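Here the structure comes first, spelled out in structure tokens, and everything after it is commentary.
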Amino acid sequence: MKTDFETLKALAAYTLNYLTEHKIVQYNVDVRLDIIEAMATELGVGLSTDDDIRDQAIEEVEEKMGLVQGDITETEMYNHARKEIIKAFNGEMVGGLYLVESLNQLANRMRAFLLENDLIDDVFASDDEIVDFLIKVVGRFSPQRA
């Protein structure tokens, strides 16, 4: 399955659902979609999608070769650049999303998001409890089940 920003939004919604069900966060339901959008953007800092990798590979090829005629994604140089980018992630993935940061760093990033975001009214867990919870929830994410 190809991942894109919609996959990040699915992960954000999945995570927010679990946080809500387990009474870890409280927020006004009217801003739920805004929270999901903001959370997906924050998740995008620690995770790369297939679209991100495609864009990065195209950028690398264009830097080396200039503007390429035709579909750049069909070139051998693009395929090589894409494979090198993916190799840099050491195969670490969550639900088709490549980990730019460790799962622990991502959970800490999201903990800070929950505590600092004005759309979240209250958080009912310690820092360590939030991080442990997020590691478990994000680590189990699958776009097919979300």
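This structure is a prediction, so every number in the text was calculated from the model and none was measured. Hydrogens, waters and symmetry mates play no part in the numbers below; they use all other heavy atoms, side chains included.
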- More than 12 foreign heavy atoms under 6.0 Å from CG of D122: is that the case here? yes
According to a 4.5 Å side-chain heavy-atom criterion applied to Ile, Leu, Val, Met, Phe, Trp and Tyr, with indirect links allowed, do M77 and I58 form part of one hydrophobic cluster? yes
Hey, does R109 have a side-chain heavy atom less than 4.5 Å from the side chain of Q105? no
Rounding to 0.5 Å, atoms CZ (F133) and CG (L19) come to a distance of 5.5 Å
Please check if the number of heavy atoms outside K87 that lie under 6.0 Å from its NZ is greater than 12. no
>> Within the structure provided, determine whether T49 and F5 are in side-chain contact (heavy-atom separation under 4.5 Å).
In response: no
(Q) Could you check whether any side-chain heavy atom of V138 comes within less than 4.5 Å of a side-chain heavy atom of Y14, counting everything from C-beta outward? (A) no
Closest non-hydrogen atoms of A38 and N117, given as atom of the first, atom of the second and distance, are CB-ND2, 4.1 Å
*Hey, are the side chains of Y27 and D34 touching, using non-hydrogen atoms and a 4.5 Å cut-off?*
no
Between E60 and I85, does the side chain to side chain contact (heavy atoms under 4.5 Å, CB included) criterion hold? Intermediate values first, please.
CA-CA 10 Å; E60 285 185 21; I85 293 165; 3.7 Å; yes
Margin query: Between T3 and G96 (side chain of the first, backbone of the second, donor and acceptor by atom type, cut-off under 3.5 Å), is there such a pair?
Written below: yes
Closest heavy-atom pair, A125 versus I24, reported as atoms and distance to 0.1 Å, is CB-CG2, 4.1 Å
As a quick check of understanding, evaluate side chain to side chain contact (heavy atoms under 4.5 Å, CB included) for R54 and R82, giving each step before the final call.
CA-CA 7 Å; R54 178 186 46 85; R82 185 178 177 284; 5.8 Å; no
- Between I53 and F89, is any pair of side-chain heavy atoms under 4.5 Å apart? yes
Result for side-chain contact (heavy atoms from CB on, under 4.5 Å) between L47 and one of L106, V100, D52 points to L106
Of all heavy-atom pairs linking N104 and I135, the shortest is OD1-CD1, 3.6 Å
CG of D118 to CD1 of I35, rounded to nearest 0.5 Å, is 10.5 Å
query: Is there side-chain contact between L16 and T20, with heavy atoms separated by less than 4.5 Å?
result: yes
Quick one, T7 and L11 - any side-chain contact, counting heavy atoms below 4.5 Å? no
Nearest heavy-atom contact between A40 and A12 is N-CB, 3.8 Å
Value for NZ (K64) from CD (E62), rounded to nearest 0.5 Å, stands at 12.5 Å
Are the side chains of H80 and V61 in touch, meaning some heavy atoms are under 4.5 Å apart?
no
Report task. Give the cluster check for Y98 versus Y78: same hydrophobic cluster or not, with ILVMFWY residues linked at side-chain heavy-atom distances below 4.5 Å. Result -> no
Between the CG atom in L134 and the CG atom in N108, the distance rounded to the nearest 0.5 Å is 9.0 Å
*asked:* Is it the case that over 12 heavy atoms from other parts of the model lie below 6.0 angstrom from the CZ atom of R111?
replied: yes
Between R32 and I36, the two heavy atoms sitting closest are NH1-CD1, 2.8 Å
To the nearest 0.5 Å, atom CE of M110 lies from atom CG of L115 at 11.0 Å
**Prompt:** Does a sphere of radius 6.0 Å around CD in E76 hold more than 12 heavy atoms from other residues, nucleotides or ligands, not counting ones at 6.0 Å or beyond?
**Reply:** no
The reported gap from CG in D132 to CG in D127 (rounded to nearest 0.5 angstrom) is 11.0 Å
* Asked: Between M39 and L99, is there a shared hydrophobic cluster once you connect ILVMFWY residues whose side-chain heavy atoms come closer than 4.5 Å?
  -> yes
- request: Please report the C-alpha distance between K23 and F124 in whole Å, then the side-chain angles of each, then the deciding distance to 0.1 Å, and finally whether the side chain to side chain contact (heavy atoms under 4.5 Å, CB included) criterion is met.
  value: CA-CA 7 Å; K23 299 183 185 336; F124 303 104; 5.6 Å; no
